[in-house]
Amino acid sequence: MEQIQKTKNSAFNPVMIKLIIIVVMILMLLIPVSMIKSIITEREIHNETVTNEVSSKWADQQEIKGPVLTIPISFQTLDKDGAPIDYYSNWYFLPDQLNIKGNVSSRSLERSIYEVIVYGSNIEIDGSFLLDKELNASHIKKIHYEDAFLTVGVSDLKGIKNQLNMAWNDDSILAQPGSQIQNIIKTGVTIPVKIQKGETYHFKLKMDLQGSRSLSFIPLGATTNVDITSNWTAPSFVGNFLPDHREISDEGFKASWKVLQLNRNFPQVWLDDKANNNQIYMNQSGFGIDLIVPLDDYQKAMRSSKYGIMTIALTFLIFFLVEIMNKTRIHPLQYAMVGLALCLFYVLLVSISEHSNFNLAFGLSSVGIIGMISLYSLTLFKSKKLSIMLSTVLISIYCFLFTTLQMVDYALLMGGIGLTIILGATMFYTRKINWYQLQIDTN
């Protein structure tokens with residue numbers, strides 16, 4: 001009985017000590033994995049910096065707001081001594097009908113090894129104003145219809161690529177630079193117009209507008225209709241309203257919105273004293289599209305690095321099982337070199353993907369690391385059969401990882417199922433091992 005207990009203890013201690021060493025090494029390898037994640041984040045930030053720089057020179061994100069019709073009004077009141085005092089305010093009108101049609105053509109600009117998505121667009125704005133509103137205000141001296149003007153907001157004026165001529169009923173009026181109502185529209189163009197009370201005015205404006213990343217609109221019409229078509233295949237619909245209709249295909253997308261004045265929290269007509277509050281509500285009601293890359297190379301690399309601990313643990317498990325079942329001694333330093341080789345995969349993946357396609361980078365990195373570890377295992381295992389088995393497992397792991405990276409919406413589900421299968425297979429193949437009788441060759 002004493003001899004049996006001694007045998008068990010002598011068998012148990014070396015195996016457990018080796019297993020503890022392996023676990024500690026896996027935890028230590030989290031340090032280089034974390035450093036690699038930092039490298040990926042740094043490269044991603046640099047990429048974002050380049051994107052912002054290129055976008056600022058091409059044209060940044062664009063938001064179209066307007067047109068807003070402004071009519072100056074002069075008021076007269078009396079001071080405490082009875083002397084008349086004149087002061088001025090603006091009377092703002094929004095369109096009764098606003099229709100926007102646009103065709104957005106995306107393209108890519110290259111800066112060094114980086115690629116930036118930008119777009120050019122043809123925007124057509126038309127609609128009508130009905131000037132039948134009465135002004136309920138005291139001390140009105142005069143409503144200056146002759147000084148009325150339209151303002152069309154464009155967030156980045158560098159993007160305007162043609163002279164803007166507004167068709168105003170039968171007139172064609174050239175737009176002037178700058179906004180005169182910066183409390184409502186900070187950047188844009190001004191168009192002086194001739195109006196009379198009670199009349200209906202139709203307008204039409206065409207602009208060639210370029211920008212980057214996003215294009216959005218403010219629904220200023222009592223009824224606002226927006227129709228956008230584009231060759232971009234991965235739009236993200238953002239803002240306060242989603243499209244009523246959308247079609248997305250390999251050729252691009254079509255989307256249309258219809259927004260009523262009852263759907264937003266600002267009126268069609270107001271004076272200056274309400275301008276600041278209405279400007280806030282107007283900005284909150286914006287909607288449009290983002291031209292996003294569904295999952296860029298840095299995001300894929302970061303997601304793949306999160307599986308680094310799984311890859312290292314499974315590879316070490318194979319080495320450990322070969323060691324205890326095939327009576328092969330593998331030094332902790334040899335485990336460490338294999339672990340560092342697995343970490344090197346992510347460095348190769350990021351560096352190669354910056355100069356080529358991500359899928360090609362993943363394939364080249366996988367082949368390089370799997371080949372290096374497999375050739376190294378031939379000397380350690382002293383068995384071609386076991387090395388081939390290791391190569392097969394590594395290929396399966398990287399195929400599983402690649403498949404998971406291609407799935408955006410189902411990545412978590414795929415990862416959970418895959419890890420469950422891996423754990424189940426490990427339990428199946430080790431179910432008959434008597435861990436109390438295992439012994440590592442110490443000769």
Side-chain angles (χ1 to χ4, degrees), residues 43-65 99-125 152-162 164 187 205-218 225-257 286-301 353-361 405-409:
R43 301 299 292 178
E44 187 173 18
I45 291 173
H46 185 59
N47 178 57
E48 184 66 21
T49 301
V50 172
T51 299
N52 291 336
E53 183 181 348
V54 173
S55 298
S56 66
K57 294 179 180 179
W58 170 266
D60 215 330
Q61 304 177 56
Q62 294 287 15
E63 180 182 73
I64 296 176
K65 181 188 294 186
N99 304 309
I100 301 175
K101 294 183 179 179
N103 181 268
V104 180
S105 300
S106 62
R107 56 177 291 191
S108 61
L109 298 179
E110 294 184 356
R111 166 72 67 87
S112 183
I113 62 174
Y114 300 102
E115 186 178 57
V116 181
I117 302 300
V118 298
Y119 64 82
S121 64
N122 303 114
I123 306 294
E124 183 177 303
I125 304 172
V152 179
V154 178
S155 56
D156 192 343
L157 297 174
K158 291 193 302 295
I160 299 176
K161 293 302 172 185
N162 65 317
L164 300 183
T187 59
L205 177 68
K206 294 182 179 180
M207 68 171 72
D208 295 333
L209 185 67
Q210 64 185 34
S212 57
R213 292 180 287 189
S214 74
L215 175 64
S216 59
F217 310 91
I218 304 296
N225 296 295
V226 177
D227 295 286
I228 299 295
T229 60
S230 175
N231 63 342
W232 188 251
T233 58
S236 174
F237 300 107
V238 296
N240 207 40
F241 301 96
L242 292 176
D244 298 299
H245 304 283
R246 71 184 81 177
E247 297 178 15
I248 302 175
S249 65
D250 293 337
E251 286 75 38
F253 75 88
K254 297 180 181 179
S256 62
W257 293 259
F287 63 91
I289 54 172
D290 280 352
L291 305 183
I292 63 169
V293 179
L295 201 63
D296 66 23
D297 293 351
Y298 294 108
Q299 290 175 320
K300 289 181 179 179
S353 66
E354 287 186 334
H355 298 273
S356 66
N357 179 273
F358 179 85
N359 294 344
L360 176 61
L405 292 177
Q406 306 309 307
M407 298 182 177
V408 179
D409 297 328

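- In the model, Asn99 has a side-chain atom that pairs as donor or acceptor with a side-chain atom of Asn225 under 3.5 Å.
- Distance check: Ser216 OG to Glu63 CD gives 4.0 Å after rounding to the nearest 0.5 Å.
- Note that CG of Asp227 is 11.0 Å distant from CD of Glu124, once rounded to the nearest 0.5 Å.
- The shortest side-chain heavy-atom distance between Leu164 and Val152 does not fall under the 4.5 Å cut-off.
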So Leu209 and Ile160, side-chain contact (heavy atoms from CB on, under 4.5 Å) or not? Walk me through it. CA-CA 5 Å; Leu209 185 67; Ile160 299 176; 4.0 Å; yes

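- For the residue pair Met207 and Asn162, the shortest heavy atom distance occurs at CA-OD1, 3.5 Å.
- A pairwise comparison of heavy atoms in Asp156 and Gln62 identifies O-NE2, 2.9 Å as the closest pair.
- A 4.5 Å side-chain heavy-atom check between Arg107 and Val118 finds at least one atom pair inside the cut-off.
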Hey, can you pull the donor-acceptor pairs under 3.5 Å for the side chains in residues 247-254, sequence neighbours left out?
residue : atom : partner : partner atom : Å
Ser249  : OG   : Glu251  : N            : 3.3
Ser249  : OG   : Glu251  : OE1          : 3.4

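- The ring pair (Phe, Tyr, Trp, His ring centres under 6.0 Å) search around Phe287 returns Phe241, Trp257, not counting sequence neighbours.
- The minimum heavy-atom distance between Asn357 and Asn359, with the atom names listed, is OD1-N, 2.7 Å.
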side-chain contact (heavy atoms from CB on, under 4.5 Å) between Asp60 and Ser212, worked out: CA-CA 5 Å; Asp60 215 330; Ser212 57; 4.0 Å; yes

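- What you find for Ile123 and Ile64 is that their closest heavy atoms are CG2-CD1, 3.9 Å.
- There is a side-chain donor-acceptor pair under 3.5 Å between Ser214 and Gln61.
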Test side-chain contact (heavy atoms from CB on, under 4.5 Å) applied to Lys206 and Asn122, step by step: CA-CA 7 Å; Lys206 294 182 179 180; Asn122 303 114; over 6 Å; no

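- The two residues Ser106 and Asn231 make their nearest non-hydrogen contact at N-OD1, 2.9 Å.
- Looking at residues two or more places apart in sequence or on another chain, you find no side chain to side chain donor-acceptor pair (under 3.5 Å) involving Lys161.
- For the residue pair Ala59 and Gln210, the shortest heavy atom distance occurs at CB-O, 3.2 Å.
- Note that OH of Tyr119 is 4.0 Å distant from CG of Leu215, once rounded to the nearest 0.5 Å.
- Side-chain contact check for Phe217 versus Ile228: some heavy-atom pair is nearer than 4.5 Å.
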